[in-house]
Structures are given as C-alpha cells and as structure tokens.
Amino acid sequence: MSCGELTTHARMINPGPNPKDAVMNLFADIRLLVLESLDAMVTKGALPGGLAMANVTVEPPRDAAHGDMATNAAMVLAKPAGMKPRDIAAALADILAADPRVISVEVAGPGFLNLRLAPAVWQGVLGQVLQSGPGYGRSDMGAGQKVNVEFVSANPTGPLHVGHTRGAVFGDALASLLDYSGHDVTREYYINDGGAQVDVLARSVYLRYLEALGQEVAFPDGTYPGDYLVPVGAALAKEKGDAWVDQPEDVWLAEVRTYSTDAMMDLIRADLASLGVHMDVFFSEKSLYGTGRIEAALADLENKGLIYEGVLEPPKGKMPDDWEPREQTLFKSTAHGDDVDRPVKKSDGGWTYFAPDIAYHFDKITRGFDALIDVLGADHGGYVKRMKAAVSALSDGAVPLDIKLTQLVKLWKDGQPFKMSKRAGTFVTLRDVIDLVGPDVTRFVMLTRKNDASLDFDFDKVLEQSRDNPVFYVQYAHARVMSVLRRAAEAGIAADAAALKGADLGLITHESELTVARKLAEWPRLVEIAARTNEPHRVAFYLYELAGDFHALWNRGNDLPELRFLQPDDVATSQAKMALASAVCVVISSGLGILGVTPVQEMR
RNA sequence: GGACCGAUAGCUCAGCUGGAUAGAGUACCUGACUACGAAUCAGGGGGUCGGGGGUUCGAAUCCUCCUCGGUCCGCCA
C-alpha cells in the first residue's frame, strides 16, 4: 500500500472538504486559545474590555529556538490598553500555561510570548493528516465564493510560446489553490478573435493556401510566416480546391478567418492539454460584436455618467509624430483610480480594443462572480488601472478585480540565452519546452518564482538531480516515502491506510521527527496565506522546506538507527514511523496536486 | 515626460501584507554511506536588505525623493 493508494482511497470516502471537521489549523486553534485567555483577563479586570483583537497573530517564530509558536498579543494591545507590553505578556503567560497543550510560555524581547507545545500536539497533527488524507489543509476559507480566473488568453494566431506557458502554469495553479481553499473556481480563456490580428492571420493562411496549390508566395511584413500555418493552408486547399485563387479578399476573407482561428484554437487547446491545463470556458470576443453586448456595457457606464465626448491631453515628453487633438468618446476611468480617461471609440467610429474588454468583464460580472482575477503578461502592465476602473464602475465596487502580471521568462541552454520573436516565426514554443523537459518540470520550475519577478529558465539546470533543483528534491522525498512503504510490505509489516491510522503515534518522540510534524502543522496555514495573496509560488517553497526536513530526518537514520523508519522486530514503532512518512507523503501529494505536478513513485 | 514591476550573502532566490540576532540553496572550508544511491545529511565563515529622508514601541516590508535594470504609454489587441 502506498501513499498514492492511501490518498486515492481517502478521496473515494471523502470527496471534498468537510467544513465540520475541517478545523485542523493548529495555528488558528492556538490563536483561539490566546483570544480566550485575553477574554479571561478582561473578566478578571486585568485588561480593559472592548479592545480590537484583529491584529493579534499566532505565527511560527522565525527562529525555531524561540519555540513553536509566538504571539504578538501583548505588544499589539499595550497601547490601546494603556499598559506595558511585558506586563500584559506576563499575565497572559500565566493563563496560557494552564492549557494542557502548552508546556512552556516565555516572555521575550519587547513583549513576545513564545509557546512550546506538548509532543502530543504534534503527534495529534500526524493523526489528523492521516485521518483527513487529501482533505488535510483544505479549507472553507473561500466560503464557496465564485471566482473567475482568466488566463493565457493568447491571440488565436499561432501556437503558445514560453511567455504564455508561464501564464498558463501560474493561472492553473492559482485556480487549483483557490479551489483547494474553498472557492468555486472557473478557469476561463478569452479568445481575441474580433480584431485586426485575425485578418492578418487569414491573409497569412490564404498565402499558405496558394502555396499548397503550387504557387510561389512571399510573406510581406505584417503577415505571419510561421510553418504552423502550412497544414492549415493545405487543408483549405484540399477542401476548397482553386475556388479562391485570384479572388478578391471580400470573397474569401471572412470564411478563411473563421477557419483559421478555429484551427489555431485547436492548436492552442492541444498545447494547453500537453501542460495539463483545461479551461472551463472559452469566451469569444467576436460574440460581443453585432449582438448589442458592447453597447449594453457602455450604456451601463453612460447611465453612471462615466461616458463623455472629449479631447485628451497629449502625452507629455515623448510625443507621437502624428499627434493631433481629436474629439473622442471617452470612459471617465479617472473617477475609479486611473491616471487619464480612456477612449472607447476610434475616430472611424469603430470600437477600440478596450470597448469589448469592458463588455467582456461586464459579462463576467453579470454571470455572478464574486471576484475576478486576470492573469496577464508583463506587457499589459499599462492596462491594469483602466481595467480595474472599468470593473469597479460596472460593479459599483462590489466585485474586486485582481490582475496578476507574469514577468518575462528568460530561457537558457548550454550557457546561451534563447531568444524568441513571434514576428520572425522563430519563437520558442510551449511545445518546445515540454518536449525538452516535460510538463511536471516545466510547471514546478515556473512556480518557484513570484509571478511579478522575471524568471530564468535554464534547460540544463532544471533537469539536474541535486538539491539545487527543487523539482528533483521534492520528488525525491516523495519517492523515499514510497520506498519505505514498499520495503515494509516486503518485510511483512502492514502499512496500509487502516494500519497506519491505528498506529500508536505516541511513539513519535524524537526531535527530528517532531520537526517534520511541526512543518506539517504549518500546511493549512500556508494554504490560507497563499490563497489570500493569490501566490501559488508559496506552495512550491513550502514543499521544498518540508522535503528538506524529511531528508534531514532520513539521513539522521545513518547515525541513529532508532530513527530509521523500519525497526526490525518492532512492528508498532515501524508503523508509527511510517505513519509519519505517510503524512509527509500526503501533504507533498496535495501540494504537488495544487501545482499540477505528478508525484513520482521512484527516481530514475 | 509618465505609469507599472524588479533591486536582499560572490551567484540564484525566500521572507507570513509591520515583529525578535534578516533566512534557504549554490559556491568555498570541515566531517558523515547498511534504506532511493554521497543524486543526501551535519557543522563553519559570508549582509549598510540599491541610496537618502519620514511614519512608531519596532521597517527588508508602509509613505516620500533619488539611482540602476525590465515592460509599456491616444485611432494594435
């Protein structure tokens, strides 16, 4: 029986988070204890009533030597209570010390309270992990809030490249994280099939069509010369024969455009699938035109007095060559935090790109989402304020929009930078990356960096098997657990889910073992922080730390045989230790699940 | 000219939305193999958190002004 089987089994019994028994966050429990103790002080008159407790935190101290948990309660309350922090701390310490979970309380520094918890608490954490399986760390924090995560949304003009890959991985992991923390998540892709770039695509495909019929063609500037359009042109030639040869654009453009964008979306869907990304909704920009939906969204803004005819100030400094003052239809985005108002109509009367985007977000709002998240490339940075302004205006401030920008990915191979250029048709594609290193490595590596910092992706380094490579290091820890469980089976020691749930966890007492349990106790809290900040990279870093604690314990078994997971002639102790290993395995599996990475059974 | 994002150990990066003596990895020294393998672990040295000012019990974190990189800037999406 493996951890993988264990979790699969548990998932069958318990298909989702169950808020009733989903407490499981030890830090939240202890914070509750602190708050209750403060109440008791108020009752006794040792503290004035009516104090705001929102800033009282219980956290793991930065330095483990300070204890297991630290609270800032005394310092936060000192000023409003008109008391000295250390006095509050001392009184609070007395009350906390009476709790059976607490074995020592110390006042430290300016008024921190450092708590040490009984081994039984940490043993209890292990029991919770095994009981809850993949449910351990899931929370109802999101309270079923409907969240829309829009990501990738690449123009349907070619295969996805590396920049899109980062957005795809980030968006997908963020969506999983939000799901894991109790949100009702929709993954969505906005297809930009309504603008001029799909006409360019259609003309490019038309050239490939002529080429397939034997003509010599050249690709002028402003067309897409990439090879990926060759089969599209060929398919078109097969279907239509020479019907469109020497015909003007108005004969074939619309049909080729539809045909081509469909073909590109098939390509993009396949690219995403190779990364393990699956969208719930593909939303077509084109569906907004000629249907009154753009007009409806702008009418909503107009009713709020936010649409007017006016002339924008010329940009200061760098002046466009052909600048001339021009009266335009403008959205008063400055009323919602933007720097300048934004045009929604071009001088020829057509919509600017911003108009359908407003309508699209209006549509999301009317679909009833409680929160919106857009994942965009760094080149859309200038777009954030106006979109937030639009959503704020359309929803009367009721629906928050968070825009996460993913910064550039710099590719390295053999010590040389890889360049990409979409125009030249020589960009490095998502498929190139997957073929070289596989989806698991791609995903994990792209999540080991904050989204708003640029990322170096070194093809050689990400495949390296060393501690320097977090993908390997975390997978290795998982594989080691698998190995122990396999060996237990060979030795005839029961290590199935039922046996481990019944193990006597009181046998887990060594400091190295408890360190691992402490790290496991942090998981639910970590998930909440990561979900609150929309930062899935925190999960990747946590897993790396957990793996580190586990490897440390493992290797101490070299010096101290009593720390080895399998104890000959002592089934009970072996099972307790394997319960610990399995708990590590469960959390690694859950964490990797959020990142979209498959845990390995053994290293090759 | 303006907007947004970065800047933390020689190098690559974390840092819990304001907490204690700022942490990992790598590299460099010193040690350790009966399990998934030394592909790992234990220990050591290594810092003006880009710079200046401010806010307060307390700042890498918040506000402000600079410096250097990146992205972008009305009829392209």
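The chains referred to below are lettered A, B, ... by the order of the sequence lines, with proteins before strands, and numbering in each begins at 1.
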Q) Just how far, in rounded Å, is P of C76(B) from NE2 of H380(A)? A) 15 Å

(Q) I need the single residue from D339(A), T334(A), D338(A) that forms a side-chain hydrogen bond (donor to acceptor under 3.5 Å, both in side chains) with K385(A). Which is it? (A) D339(A)

Q. Using purine N1 to pyrimidine N3 plus N6-O4 or O6-N4 for Watson-Crick, or N1-O2 and O6-N3 for G-U wobble, both under 3.5 Å, which nucleotide pairs with G74(B)?
A. none

Q.
Of the options A20(B), A3(B), A35(B), whose atoms approach the side-chain atoms of K385(A) most closely?
A. A3(B)

**Q.** Derivation of the salt bridge (charged side-chain N to carboxylate O under 4.0 Å, His left out) call for R525(A) and E522(A)
**A.** CA-CA 5 Å; R525(A) 181 171 179 273; E522(A) 287 179 29; 5.8 Å; no

Q | Value in whole Å for how far the P atom of C72(B) lies from CD of Q407(A) | A | 10 Å

Q: Ignoring backbone atoms, test whether Y473(A) places a side-chain nitrogen or oxygen under 4.0 Å from the OP1 or OP2 oxygen of C41(B).
A: yes

Q. Taking the side chain of R538(A) as its heavy atoms from C-beta onward, which of G74(B), G15(B), U40(B) lies nearest to it?
A. G15(B)

(Q) What's the closest nucleotide to the side chain of H537(A) if the choices are G15(B), A38(B), U17(B)? (A) G15(B)

Q. Which way is the base of U64(B) turned, syn or anti, if we draw the line at 90° from 0?
A. anti

Q. Between K450(A) and A14(B), does any side-chain N or O lie under 4.0 Å from OP1 or OP2?
A. yes

Q. How is T352(A) classified with respect to the nucleic acid when contacts are heavy atoms under 4.0 Å: base, sugar-phosphate, or nothing?
A. nothing

Q. Taking the nucleotide of RNA chain B with the closest heavy atom to each, which residue, W351(A) or E59(A), is nearer the 5' end?
A. E59(A)

Q. How far, in whole Å, is G45(B) from U40(B) if one measures between their P atoms?
A. 23 Å

Q: Please state how far atom CE in M387(A) lies from atom C1' in A77(B), giving the value in whole angstrom units.
A: 13 Å

(Q) Can you measure N555(A) atom CG to A38(B) atom C1' for me and round it to whole angstrom units? (A) 9 Å

**Q.** Residue matched to A24(B) through Watson-Crick or wobble contacts both under 3.5 angstrom
**A.** U12(B)

**Q.** Whole-Å C1' distance, C62(B) and U56(B)
**A.** 11 Å

**Q.** Electrostatic pair D458(A)-K413(A), nearest N-O below 4.0 angstrom
**A.** no

(Q) When you measure from the side-chain N and O atoms of R449(A) to the phosphate of C13(B), is any distance below 4.0 Å, counting only OP1 and OP2? (A) yes

Q) Between C41(B) atom P and D549(A) atom CG, what is the distance in whole Å? A) 11 Å

Q) With sugar-phosphate meaning primed atoms plus P, OP1 and OP2, does F541(A) contact a base, only sugar-phosphate, or nothing at under 4.0 Å between heavy atoms? A) sugar-phosphate

Q.
Of the listed nucleotides (U40(B), A77(B), U71(B)), which one gets closest to any side-chain atom of L408(A)?
A. U71(B)

**Q.** R525(A) (side chain) and C16(B) (base): donor-acceptor pair under 3.5 Å
**A.** yes

**Q.** Whole-Å gap separating P (G1(B)) and CG (D339(A))
**A.** 17 Å

Q. Taking the six-membered ring for Trp, are Y473(A) and Y544(A) parallel (under 30°), tilted (30 to 60°) or perpendicular (over 60°)?
A. tilted

Q: Could you please name the option among C16(B), C57(B), G19(B) that lies closest to any side-chain atom of V76(A)?
A: G19(B)

Q.
Side chain of R467(A) only, heavy atoms from C-beta on: which candidate in A14(B), G25(B), A35(B) is closest?
A. G25(B)

Q. C66(B) and C29(B): how far apart are their P atoms, nearest whole angstrom?
A. 46 Å

Q. Using a distance-only test with no angle check, is there a side-chain donor-acceptor pair under 3.5 angstrom linking D193(A) and T261(A)?
A. no

(Q) In whole Å, measure the gap between the C1' atoms of G52(B) and G10(B) for me. (A) 27 Å

(Q) Both distances below 3.5 Å, Watson-Crick or wobble geometry, any strand: find the nucleotide opposite G58(B). (A) none

Q.
Let's see if you can work this out: which of C41(B), A35(B), C4(B) has an atom nearest to the side-chain heavy atoms of L405(A)?
A. C4(B)

Q.
Given A35(B), A32(B), A77(B), identify the nucleotide with an atom nearest to the side chain of R487(A).
A. A35(B)

Q: May I have the step-by-step check of salt bridge (charged side-chain N to carboxylate O under 4.0 Å, His left out) for K519(A) and E545(A), ending in yes or no?
A: CA-CA 8 Å; K519(A) 185 57 78 174; E545(A) 289 167 12; 3.0 Å; yes

Q | D374(A) versus H361(A), side-chain donor and acceptor atoms under 3.5 Å | A | yes

Q: Report yes if at least one side-chain N or O of Y476(A) is closer than 4.0 Å to OP1 or OP2 of A35(B); otherwise report no.
A: no

(Q) Rounding to an integer number of angstrom, what distance separates A27(B) and U17(B) when you compare their C1' atoms? (A) 33 Å

Q: Would you mind classifying the nucleic acid contact of A108(A) as base, sugar-phosphate or nothing, using non-hydrogen atoms under 4.0 angstrom?
A: base

Q: Give me the one residue out of Y190(A), W351(A), Y289(A) that meets ring pair (Phe, Tyr, Trp, His ring centres under 6.0 Å) with Y360(A).
A: Y190(A)

Q: Determine the contact category for G548(A): base if any of its heavy atoms lies under 4.0 Å from a base atom, sugar-phosphate if only primed atoms, P, OP1 or OP2 are that close, otherwise nothing.
A: nothing

Q | Comparing E285(A) and P61(A) on RNA chain B - which has the more 5′ nearest nucleotide | A | P61(A)

Q: For G50(B) versus C72(B), give the span between their P atoms, rounded off to a whole number of Å.
A: 25 Å

(Q) Nearest to the side chain of M75(A), heavy atoms from C-beta on, is which of U71(B), A42(B), G19(B)? (A) G19(B)

**Q.** side-chain N/O K410(A) vs U71(B) OP1/OP2, d < 4.0 Å
**A.** no

Q) Looking at A42(B), does its base get a donor-acceptor pair with the side chain of D559(A) below 3.5 Å? A) no

Q: Just call it for G381(A): base, sugar-phosphate, or nothing, with non-hydrogen atoms closer than 4.0 Å on any strand.
A: nothing

Q. Does C33(B) adopt a syn or an anti glycosidic conformation, taking syn as a chi angle within 90° of 0?
A. syn

Q.
What is the separation between atom NE2 on H361(A) and atom C1' on A77(B), rounded to the nearest whole Å?
A. 14 Å

Q | Span that lies between the C1' atom of A7(B) and that of G51(B), in whole angstrom | A | 12 Å

Q.
Once you apply a heavy-atom cut-off of 4.0 Å, does A78(A) come out as touching a base, just sugar-phosphate, or nothing?
A. nothing

Q | Integer-rounded Å distance: C16(B) P and E528(A) CD | A | 16 Å

Q | W412(A)/F459(A) aromatic ring centres below 6.0 Å | A | no

Q | Under-4.0 Å side-chain N/O to phosphate OP1/OP2 contact, K79(A) with C57(B) | A | yes

**Q.** Summary of salt bridge (Lys or Arg N to Asp or Glu O under 4.0 Å) pairs that have at least one residue in residues 400-409 of chain A, sequence neighbours excluded
**A.** none

Q. Looking at A35(B), C4(B), A20(B), which one has an atom nearest to any side-chain atom of N558(A)?
A. A35(B)

Q) Is the shortest side-chain N/O distance from R342(A) to OP1 or OP2 of G74(B) below 4.0 Å? A) no

Q. Roughly how far apart, to the nearest Å, are G1(B) and A59(B) at atom P?
A. 34 Å

